[in-house]
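Scroll down for the structure; my scribbles are underneath it.
When a ligand or atom number is given, it counts from 1 through the structure's own listing order. Keep in mind the model is a prediction, meaning the values are calculated, not measured. In this chain, numbering begins with 1 at the start of the sequence shown.
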Amino acid sequence: MKIAQVMEPMAKSGSDLLRGKILATLFFEPSTRTRLSFESAMHRLGGSAIGFAEAEIASVKKGENLADTMRVVESYADVIVVRHPLEGAARLAAEFAGVPVINGGSGAEEHPTQALLDLYTIKKERGKIDGLRVALVGDLRYGRTVHSLAYALSLFDVKLFFVSPEMLRMRREVLEAVAGKVEVVEGASLEGVVGDLDILYMTRIQKERFPDAAEYAKVRGSYRVDLGLLEAAQKDLIILHPLPRVDEIAPEVDGTAHARYFIQVWNGIVMRMALLGLVLGAIE
Ligand code: NCD
């Protein structure tokens with residue numbers, strides 16, 4: 001987070017820190033933000049970016065496995081970002097590549113760089129993380145951002161509210177790991193807790209990860225933040241969302257003092273600049 005702060009002016013006016021370095025983004029799953037954000041971060045540091053945005057056009061389509069793809073791409077790039085539908089894919093990729101690998105999203109498991117930018121946003125907006133009451137709301141089962149964020153927040157002195165439909169409760173392994181470190185309250189009602197919160201982290205119900213469309217139909221639209229709900233909120237409540245949103249935050253909320261989800265996007269750039277600078281040894 002300290003280095004991300006150092007990167008803020010470089011993000012605005014450009015830098016030569018990573019001149020001559022190449023980033024490869026290998027995205028086997030759809031993305032707008034994460035891939036463009038990494039590429040934009042690399043360009044702002046004077047480096048360049050190569051890669052593919054859909055597995056359909058890459059050699060995996062011809063049957064190439066992830067290990068071989070990594071052994072090939074390590075010759076093309078100094079650092080690799082991988083997004084993959086399978087859990088554990090980034091870990092596996094890192095075992096086969098001789099250059100640093102950053103997890104850009106591994107199935108329903110984790111999305112660590114999103115968690116870092118989420119933490120950075122909270123710190124920047126509230127001046128601290130300790131002492132805050134944070135709700136993670138929506139799809140806590142298939143949503144990978146909330147898994148990484150829960151792990152990260154559990155390193156601080158926070159109170160966590162996990163709010164989801166029964167079917168989409170927080171993954172057991174994450175719950176067990178964080179419940180020993182910080183206070184955790186699980187529930188299904190957002191109305192019941194909204195007045196107690198400093199941070200409201202909304203997520204999309206991850207339609208594409210449901211094994212059965214009928215199951216998705218039961219929980220779609222479970223939560224919607226609108227002006228009515230926010231009447232009960234603290235004045236300085238901050239609303240975050242990793243985006244893309246579907247219908248869980250009404251557009252009327254965008255203009256309120258609570259909304260910070262588009263500011264998160266900018267913070268993603270500076271956080272990823274910090275990460276690239278660090279893994280490439282250009283900054284300490
Ligand atoms: C998230 C993702 O891909 O996990 N998006 C992102 O990277 N900001 C969230 C989502 O898809 O709902």
Side-chain angles (χ1 to χ4, degrees), residues 4 23 25-42 49 51-55 80-91 93 101-122 134-153 162-165 167-168 170-171 174 199-210 216 219-225 238-249 254 259-273 275-276:
L23 161 73
T25 53
L26 311 186
F27 276 57
F28 298 89
E29 235 191 21
S31 164
T32 308
R33 269 152 297 276
T34 306
R35 187 174 59 85
L36 292 181
S37 173
F38 265 110
E39 292 184 2
S40 176
M42 193 63 179
F52 56 81
E54 42 181 337
I80 303 173
V81 179
V82 178
R83 167 170 288 192
H84 200 282
L86 291 179
E87 299 188 7
R91 209 158 32 235
V101 173
I102 298 175
N103 181 0
S106 47
E109 179 193 33
E110 285 226 47
H111 193 345
T113 69
Q114 177 71 42
L116 288 171
L117 78 89
D118 295 336
L119 276 192
Y120 182 62
T121 305
I122 295 172
V134 185
L136 308 184
V137 181
D139 191 343
L140 308 186
R141 178 174 184 175
Y142 298 117
R144 54 193 170 199
T145 67
V146 285
H147 302 149
S148 295
L149 184 56
Y151 286 131
L153 284 169
F162 293 159
V163 181
S164 71
M167 195 203 296
L168 300 178
M170 180 58 89
R171 269 166 88 130
V174 181
I199 309 286
L200 172 56
Y201 191 94
M202 295 299 298
T203 63
R204 172 178 75 87
I205 308 284
Q206 307 276 303
K207 181 179 180 187
E208 70 279 19
R209 302 207 194 277
F210 279 67
Y216 171 71
V219 289
R220 63 177 294 188
S222 292
Y223 300 101
R224 183 169 170 88
V225 176
I238 280 172
I239 304 173
L240 303 178
H241 193 306
L243 302 177
R245 77 172 139 180
V246 183
D247 52 12
E248 55 279 353
I249 302 179
D254 299 358
R260 291 293 189 288
Y261 26 95
F262 292 111
I263 289 174
Q264 273 171 281
V265 177
W266 168 260
N267 292 336
I269 300 273
V270 292
M271 182 47 85
R272 289 178 173 121
M273 287 172 70
L275 270 176
L276 291 169

In terms of heavy-atom contacts, V146 and L136 come closest through O-CD1, 3.7 Å

Taking the minimum heavy-atom distance to atom 9 (C) of ligand 1, which of T34, L243, V265 ranks first? L243

R83 neighbourhood, listing ligand 1 atoms whose heavy-atom distance to it stays under 4.0 Å: 3 (O), 7 (O)

Quick one, Y201 with I122, criterion side-chain contact (heavy atoms from CB on, under 4.5 Å). Give me CA distance, side-chain angles, the key distance, then yes/no. CA-CA 10 Å; Y201 191 94; I122 295 172; over 6 Å; no

Charged N to carboxylate O below 4.0 Å: is that the case for E87 and R209? no

Minimum-distance protein heavy atom relative to atom 8 (N) of ligand 1: P242 O, 2.9 Å

Please state which protein non-hydrogen atom is closest to atom 3 (O) of ligand 1 and give its distance, to 0.1 Å? R144 NH2, 2.9 Å

I want to know if ligand 1 touches H111 in the polar sense, i.e. an N/O pair below 3.5 angstrom. yes

Around atom 11 (O) of ligand 1, find the nearest protein heavy atom and jot down its residue, atom name and distance. R204 NH2, 2.9 Å

Quick one: look at R209 and ligand 1, take heavy-atom pairs under 4.0 Å, and tell me if it's side chain, backbone, both or neither. neither

Working to the nearest 0.5 Å, report the span between CD of E248 and CG of D139. 10.0 Å

For L23 and F38, work out which heavy atoms get closest and say how close. CD2-O, 3.5 Å

Polar-atom distance check: P244 versus ligand 1, any N or O pair below 3.5 Å? no

What one should report as the nearest heavy-atom pair of M202 and Y223 is CE-CB, 3.9 Å

